[in-house]
Every structure is written in structure tokens, then in C-alpha cells.
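Below, chain A is the first sequence line, B the second, and so on; all start at residue 1. Please read all numbers here as calculations on a predicted model, not as lab measurements.
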Amino acid sequence: MPLVIHNTLTRAKEEFVPVDPDHVRMYVCGPTVYDRAHIGNARPVIVFDVLYRLLQRLYPRVTYVRNITDVDDKINARAKENGEPIAALTERTTGMFHDDIAHLNALPPDVEPRATAHIPQMIAMIEKLIAADCAYAADGHVLFSVPSMPDYGRLSRRSQDEMIAGARVEVAPYKKNPADFVLWKPSSDDLPGWDSPWGRGRPGWHIECSAMSRQYLGVTFDIHGGGQDLIFPHHENEIAQSTCAHGGAPFARYWVHNGYLMVEGEKMSKSLGNFITVHDLIAQAPGEAIRLCMLSTHYHQPLDWTAEGLRQARTTMDRLYTALRNAADVEAVARDVPLDVMAALEDDLNTPLAVAHLHELATALNKADTVLERARAKGALLASGAVLGLLQQDPETWFKWQPAGAAGLDEDRIAELIAQRAAARKARDFAAADRIRKELADQGVVLEDSAAGTTWKRA
RNA sequence: GGCCGGGUGGCAGAGUGGCUAUGCAGAGGACUGCAAAUCCUCCUACGUCGGUUCAAUUCCGGCCCCGGCCUCCA
């Protein structure tokens with residue numbers, strides 16, 4: 001079954017046909033590093049990580065590029081606010097981003113280029129655009145001339161007239177056309193700047209992705225991804241810049257956008273007080289539960305992030321890891337990802353359906369009774385989990401997770417109490433055994449007896 | 001105003017022109033010293049009004065509701 005993916009360019013599901021079947025290339029817009037990542041940032045990280053894992057199974061080589069935007073006016077503003085050098089802020093924030101998403105089991109991209117390390121490439125591209133009459137310098141700025149590109153608006157499906165009519169912001173006097181956007185702007189001495197043919201300045205927002213995707217993926221590449229809110233203006237402008245700078249050669253062939261994220265039914269915003277950072281979340285719940293929660297809704301749908309949803313995701317992971325824990329006595333047979341799981345993912349990354357299959361595989365594992373059947377079922381569940389970035393840790397580790405800063409009962413002490421209880425049970429002193437069970441339960445430790453012995457987990 | 005996405009059972013959430021996922025929650029049963037886990041069974045929907053059709057939750061149209069974007073916000 002071929003991979004089918006929803007392409008924003010056509011608003012339809014299309015069969016994925018790579019430019020080069022021996023080497024698939026994907027670019028995803030990464031974070032602007034001025035603050036902690038929030039759960040809205042985490043969604044594309046996780047969604048495109050699953051796509052990356054899937055592509056790796058389908059093609060011999062995949063290059064995944066996700067940039068770090070480390071030059072931006074929000075960064076400048078925040079650094080000033082903090083009284084912190086800009087480089088210190090971006091470096092610190094980049095580190096926090098990496099730390100946070102590591103908890104979400106996202107594989108690192110193959111290349112993670114930083115905008116500030118690619119200024120010469122951006123300047124070169126802007127020069128090409130000027131030479132092609134697609135851009136002009138004015139008043140220390142360089143602007144992209146939207147009327148120079150007849151196809152402008154194709155991705156976001158808006159006409160140039162509409163954009164002019166709908167413009168809410170006062171048009172800067174140096175713009176020839178109200179829709180023109182900035183490629184380069186002048187920097188005052190207190191702002192980061194680089195020497196350029198137009199004086200000391202800094203790049204506009206969109207040009208970095210055009211320059212960096214060109215450098216690492218070539219003129220035409222396969223997939224460009226990001227959040228739906230980037231469709232306009234960011235991705236529309238990238239298309240304009242790259243296409244015009246490359247003499248009309250196609251840019252990304254498939255545009256993939258994840259849906260918006262809301263919190264408890266409302267838009268997430270600082271003013272509503274419902275702004276949730278990944279950092280806070282991973283202190284409250286295992287990263288893998290957060291990841292499953294994200295994958296439980298199709299990437300294209302709006303996702304309503306709720307405390308209840310996260311609780312359910314945790315319960316689901318408990319169920320799956322319980323099946324694996326109960327099969328700890330058999331060695332999994334290495335297996336391919338089952339066909340129905342692959343079929344779900346190949347159908348526009350239908351992760352909720354894939355998760356449903358995970359449940360069916362767990363049930364099959366629970367019901368299997370011969371060693372061979374159990375070994376095969378365990379292998380199928382683990383292989384399916386791997387392509388989703390789930391179920392790869394030791395079940396015991398999963399069950400022992402506790403919130404950051406929580407001082408749960410020491411593991412040695414738990415083992416000691418379990419041993420005492422075992423002795424009591426052996427002596428048929430069930431009152432004593434139950435007392436120990438209660439004592440542990442009061443401290444958030446739940447015991448489970450089985451023929452193989454007693455296991456425990458933190459509630 | 002323009003454009004886009006969505007409304008599925010108590011909840012989350014796939015999907016399909018007729019055979020009606022999956023999980024959680026709930027009910028019953030098996031198992032169990034207790035408990036948990038597990039297994040079995042049950043409950044069950046498709047915003048609204050029309051249309052097309054032998055048959056629509058699924059296709060088409062109107063309406064209602066929710067969310068987003070419309071120049072630097074994932």
C-alpha cells in the first residue's frame with residue numbers, strides 16, 4: 001500500500017511520490033527560541049517525528065531538517081526585557097527545547113540549522129531575487145514584490161486583492177505594494193545585524209527557511225511541514241521566495257500541516273492563563289503519555305488538550321505496558337510492523353487508528369497462551385510501538401515513574417516490604433499481608449500478585 | 001466581510017453508501033485468600049432541515065453552532 005498524504009497545496013490526499021526514491025527529503029519549521037516550548041510547539045515535533053519514522057521504514061534514506069530560528073524581533077524584545085545578551089537567550093532556550101522534547105521521544109532531525117549561521121546564504125538569495133526583479137531595496141529594507149509572482153496565494157488560497165482589502169495593519173511607506181513583505185531590514189546599533197549590500201541589517205522571518213532548505217535539501221524537495229498557522233503568511237512567502245530565486249523551479253512538493261491545539265476548549269494564550277509549557281507537563285506526567293495523547297487525535301484535526309485526555313492517555317499506556325510486563329518472561333520475536341498498523345499510518349498518518357491496532361495487539365498478547373504465540377504477539381506490539389515512538393522503554397521503568405520532585409517511597413524499602421508481605425502470605429497471615437498492602441497503597445504504591453510473584457507500580 | 005477546518009455513543013476518537021472501530025467510564029460474569037491485572041458478555045452514536053438513492057451517519061444543498069487565519073502568531 002502506498003503512502004498517501006494530505007497536501008495543503010491541493011487540499012486533497014495524494015499518493016506520495018518522492019523526487020528521488022532513494023533519498024526522501026523533509027523540512028519542518030522549528031521553534032523561535034525566546035521562551036520555553038509550549039504544547040502547541042510539541043504537536044508538530046511529535047507528528048513529524050512519526051512521519052520521519054514512517055518514511056525511514058519506507059525509504060532507504062531520509063533527510064529531516066528542522067530549523068532553529070535564532071534571529072527574530074521577539075527574541076530581541078525578550079533579551080532586552082531580561083537584560084540578557086541575545087546569544088545567551090537563544091542558546092539557553094535552544095537547550096531547554098532539546099531537553100523538553102527529548103522527554104517526548106522525538107528523534108533528533110538529521111540537520112538542525114540555525115538561522116544566524118546562514119546569513120550569507122540568505123543575502124545571496126535576496127540578491128538573486130533582486131536580480132530577477134522579484135525584490136527591491138527601499139529605505140534600507142529589501143522587500144519581496146508580491147505582484148512579481150502571479151501564483152502568489154496558491155497555498156493559502158487567497159487572492160492578492162483580498163489580502164489588500166483585508167489588511168489590518170498600516171502599510172509601511174516604503175512598500176510599493178501593500179502585500180509586499182520584508183526580506184531584509186535595517187538594524188540599529190543595539191540590535192543584531194550583519195553587513196549586507198543594503199547596509200547593516202537582519203533578515204526578515206521567511207527568508208531563513210528558503211535559504212536553509214535550499215542548502216540542505218536542494219531546490220526541489222519532498223515534504224515541507226509545520227503548524228496550520230504557518231500556511232499564511234510564512235509558507236506562502238517561502239514558496240514565493242524560493243520559486244522566484246530558483247527560476248520558477250518547484251519548491252516543496254507536499255505541504256503537510258498539523259491542526260491547531262486548544263486547551264480545555266479554549267485557545268491557548270497567556271492572557272487566559274491556560275498556557276502550558278512542555279517543561280511543566282513533563283513534570284506532571286510521563287513524556288510518553290503526552291506523546292500518546294498527541295497521537296490520539298489525527299494530526300490534521302484540531303486537538304483539544306485536556307487534563308482528562310492526558311489522564312486517559314496515561315491509562316492507555318498503563319494497559320499497553322501491562323501487557324508487555326505480563327509477557328516479560330518471553331523473548332519477543334523480531335517482527336515487521338503489522339500490516340494494519342502500516343496501513344493506518346500510510347493512510348495520511350492515521351495515528352488514532354494505529355493506536356487502536358495497538359490495543360488489539362495488546363489484547364492478542366494477553367490472550368496468547370503458547371510461548372511461541374506470546375513471543376510473536378509481543379514482537380508485533382513492540383514493532384508497532386516503535387514506528388509510533390512508543391513502548392520502547394522497560395515496562396518496569398514506566399510503572400516506576402513519578403512526578404518531578406516527588407519523594408515517593410524508596411525502591412529498596414518497597415522491595416523489603418514486598419518480601420515481608422510474601423513471608424506473611426506464605427504463613428497464611430493475611431491480616432499482616434493486607435496491612436503491608438495498605439501501607440504501600442497509602443504511599444501510592446500498588447501491588448499486583450501473579451503466579452510469577454508480586455510486581456508494583458506507582459499510582 | 002473573505003478564506004479554511006470541524007460538529008460521531010457518558011467521555012476521547014477513527015471510519016464507512018448497506019455487515020455500525022478502538023479505548024476509557026458504567027453493568028454483569030470468570031479467575032482470585034484480599035486486591036490488581038487479564039478474559040468473556042452487555043449498553044451505543046453520527047448537529048439540523050431538505051434532496052439523491054432500493055438504502056445515508058457516510059454523497060449533494062440550505063441552516064445552526066464551534067474554532068482558526070486574513071502581513072510577521074506552532
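- Within 4.0 Å of A:Val182, counting heavy atoms only, lies at least one base atom of the nucleic acid.
- Here the P atom of nucleotide B:A14 and the NE2 atom of A:His357 are 13 Å apart, to the nearest Å.
- A:Ile231 comes within 4.0 angstrom of nothing in the nucleic acid, heavy atoms only.
- Atom pair A:Asn326:CG and B:U38:C1' shows a separation of 7 Å (rounding to whole Å applied).
- A:Glu360 comes within 4.0 angstrom of sugar-phosphate atoms only, judged by non-hydrogen atoms across all strands, and of no base.
- Distance from the side chain of A:Leu230 is smallest to B:A74 among B:U71, B:A36, B:A74.
- Picking from B:C73, B:A14, B:C39 the nucleotide with the shortest atom distance to the side chain of A:Asp229 gives B:C73.
- Applying the side chain to side chain contact (heavy atoms under 4.5 Å, CB included) test between A:Arg114 and each of A:Asp70, A:Thr69, A:Thr94 identifies A:Asp70 as the sole match.
- At a threshold of 4.0 angstrom between heavy atoms, the contacts of A:Arg11 are confined to the sugar-phosphate backbone, with no base atom among them.
- For the P atoms, the distance linking B:C54 with B:G67 amounts to 41 Å, nearest Å.
- The phosphate of B:G23 (OP1 or OP2) has no side-chain N or O of A:Thr316 nearer than 4.0 angstrom.
- Taking the P atom of each, B:U8 and B:C49 are spaced 16 Å apart, rounded to whole Å.
- Close to B:C69, at under 4.0 Å from its OP1 or OP2, lies a side-chain N or O of A:Lys267.
- Between A:Asn350 and B:A14, a side-chain N or O to OP1/OP2 separation shorter than 4.0 Å is absent.
- Look at NZ on A:Lys13: it is 12 Å from P on B:A14, rounded to the nearest Å.
- To the nearest whole angstrom, the two C1' atoms, one in B:G17 and one in B:A12, are 27 Å apart.
- The separation of B:A56 from B:G18, taken at their C1' atoms, amounts to 9 Å, rounded to a whole angstrom.
- OP1 or OP2 of B:C40 has at least one side-chain nitrogen or oxygen of A:Lys367 nearer than 4.0 Å.
- With respect to the salt-bridge test (charged N to carboxylate O, under 4.0 angstrom), the residues A:Arg202 and A:Asp73 qualify.
- Note on A:Arg425: a base of the nucleic acid sits closer than 4.0 angstrom, heavy atoms only.
- Annotation: B:U52 and B:U22 have their P atoms spaced 35 Å apart (nearest Å).
- Listed nucleotides: B:C73, B:C34, B:A36. Nearest to the side chain of A:Arg437: B:C34.
- Across the C1' atoms, B:G29 and B:C43 are found 15 Å apart, a figure rounded to whole Å.
- Using a 4.0 Å heavy-atom cutoff across all strands shown, A:Asn366 reaches sugar-phosphate atoms only and no base atom.
- Distance from the side chain of A:Ala356 is smallest to B:U22 among B:U22, B:U71, B:C34.
- Counting only heavy atoms from C-beta on, A:His38 has its side chain closest to B:A74 among B:A74, B:C72, B:C69.
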